[in-house]
Amino acid sequence: MQVGILGGGQLGRMLALAGRPLGLRFRFLEPKTPAPVDDLGTVVRAAYHDPYALDRFAEGLDVVTYEFENVPVASARHLEARVPVHPTSRALEVGQDRVAEKEAFVGAGIPTAPFRGVGSVEALREAARDIGFPLVLKTRRLGYDGKGQAIVQDDGALEAAWRSLGSVDLLAEAFVPFRRELSIVAARGYDGVCAFYPVVENLHRSGILVRTTAPAPEMVPGLQDAAEIYARRLLEHFGYIGVLAVELFEVDGALLANELAPRVHNSGHWTQDGAETSQFENHLRAICGLPLGSTSVIGPTVMLNLLGAIPEPVSVLEIPGTHLHLYDKGPRAGRKVGHVNVRTRGPGDLARSVARVETLLGP
Ligand code: AMP
């Protein structure tokens, strides 16, 4: 089968690396050059909104998916008229708009922090009266990795925060005093069968994921079930086919949904070495109409992102249990250039290896 992927970053690269053994071939639409997918298929080098490029890209494909969630929805719709696109443009559209995302949570019966969409300072003041302080302001569109966010402590700081985010449409939501951040990655196939990976614990620094621990330690009874119920509701709400991630806050032993990603997700990278079937393979199995693979854990795994620079590979690989995944991207401050999955036999060994990798990566 020929799979088309909108976007040519590391997620596209890892999808292709997982799909080649299944006999799948890949074509990417990616405006930038060079790109991490350059060696892994053919690349149509054009803007996402170019209709002629979209037609050239779609020619002969069996299915189209995304690895980048800011692809114009109109482009996904254009493609949908020619070839099956999964997840559908509707899921993409919701994933691009933080207010629509929160409304989808509410619509699907998934708890989330109180919120309001606001389009003016006056509306923001009114929302703040309902929500209270502190509150978190987020740009409604094109925000990721904690960009386009502000925490507002009181009424006097509202206007400056509104301006600092560019006076655009915003999501205002209650600040959640969470114990920790968790996420669940789930998949749904053509036949409606769903599969769930265990809930994982995520550590962010400056809004960027630095570490995922899988499965999440110290899970209180019922938390995994709740996460699976919420993920299933979203999958069914969208008639979704493929992999979806839901970012969650744990607060007082319960879960609040923060965000959804209609694609494979950084907090699922551990599955490459820690689960029987990776999130990348399961996404491809789902969108190609193949049976989903087991999401069982092979062993506790920690994923550490390589941000900005790549350490000497030998120094990583000599640490027991490490698996290195590089994205073929040049170094740049804060940029995700690769990750290390660490999986060992015992918990003591795991902690020792993780500490050694973290020492290599520095503060
Ligand atoms: P997001 O872009 O929504 O994933 O937010 C980036 C990070 O900001 C999250 O990973 C949290 O650490 C933090 N954050 C986002 N929303 C809230 C909130 N309502 N309350 C507290 N912290 C938040």
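Numbering of ligands and ligand atoms starts at 1, following listing order. We use all heavy atoms of the structure for the numbers below, so side chains are in, but hydrogens, waters and symmetry mates are not.
- Under the salt bridge (Lys or Arg N to Asp or Glu O under 4.0 Å) rule, Arg180 has a single partner from Glu201, Glu218, Glu247, which is Glu201.
- Between His269 and Tyr327, the angle of the ring planes goes over 60°, which puts this pair in the perpendicular group of the 30/60° scheme.
- Under a 4.0 Å criterion applied to the non-hydrogen atoms of Glu259, ligand 1 contributes the atoms 1 (P), 2 (O), 3 (O), 4 (O).
- Closest heavy-atom approach to atom 9 (C) of ligand 1 within the set Arg98, Glu173, His204, Glu181: this belongs to Glu181.
- For the residue pair Ser183 and His265, no side-chain donor N or O sits within less than 3.5 Å of a side-chain acceptor on the partner.
- For ligand 1, one of its N or O atoms has an N or O atom of Ala174 under 3.5 Å away.
- For Pro177, the closest heavy-atom approach to ligand 1 does not fall below 4.0 Å.
- Proximity to Asn258 (heavy-atom distance under 4.0 Å) selects the following atoms of ligand 1: 1 (P), 3 (O), 4 (O), 16 (N).
- No donor-acceptor pair under 3.5 Å is formed between the side chain of Lys329 and the backbone N or O of Pro36.
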The test is side chain to side chain contact (heavy atoms under 4.5 Å, CB included); show your working for Thr322 and Leu324 and say whether it passes. CA-CA 6 Å; Thr322 54; Leu324 185 57; over 6 Å; no

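- Contact annotation for Val136 and ligand 1: only side-chain heavy atoms (C-beta onward) come within less than 4.0 Å of the ligand.
- Close contacts of ligand 1 with Glu247, meaning ligand atoms under 4.0 Å from a residue heavy atom, involve 4 (O).
- For Asn202, no heavy-atom contact with ligand 1 is shorter than 4.0 Å.
- In this structure, a donor-acceptor pair under 3.5 Å is present between the side chains of His325 and Asp273.
- Of all atoms in ligand 1, numbered sequentially from 1 with element shown, those under 4.0 Å from a heavy atom of Phe178 are 12 (O), 21 (C), 22 (N).
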Start with the C-alpha distance between Tyr240 and His86, add both sets of side-chain angles, then the distance that settles ring pair (Phe, Tyr, Trp, His ring centres under 6.0 Å), and finish with yes or no. CA-CA 7 Å; Tyr240 198 95; His86 293 300; 8.8 Å; no

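- Between Val176 and ligand 1, at least one N/O pair is under 3.5 Å apart.
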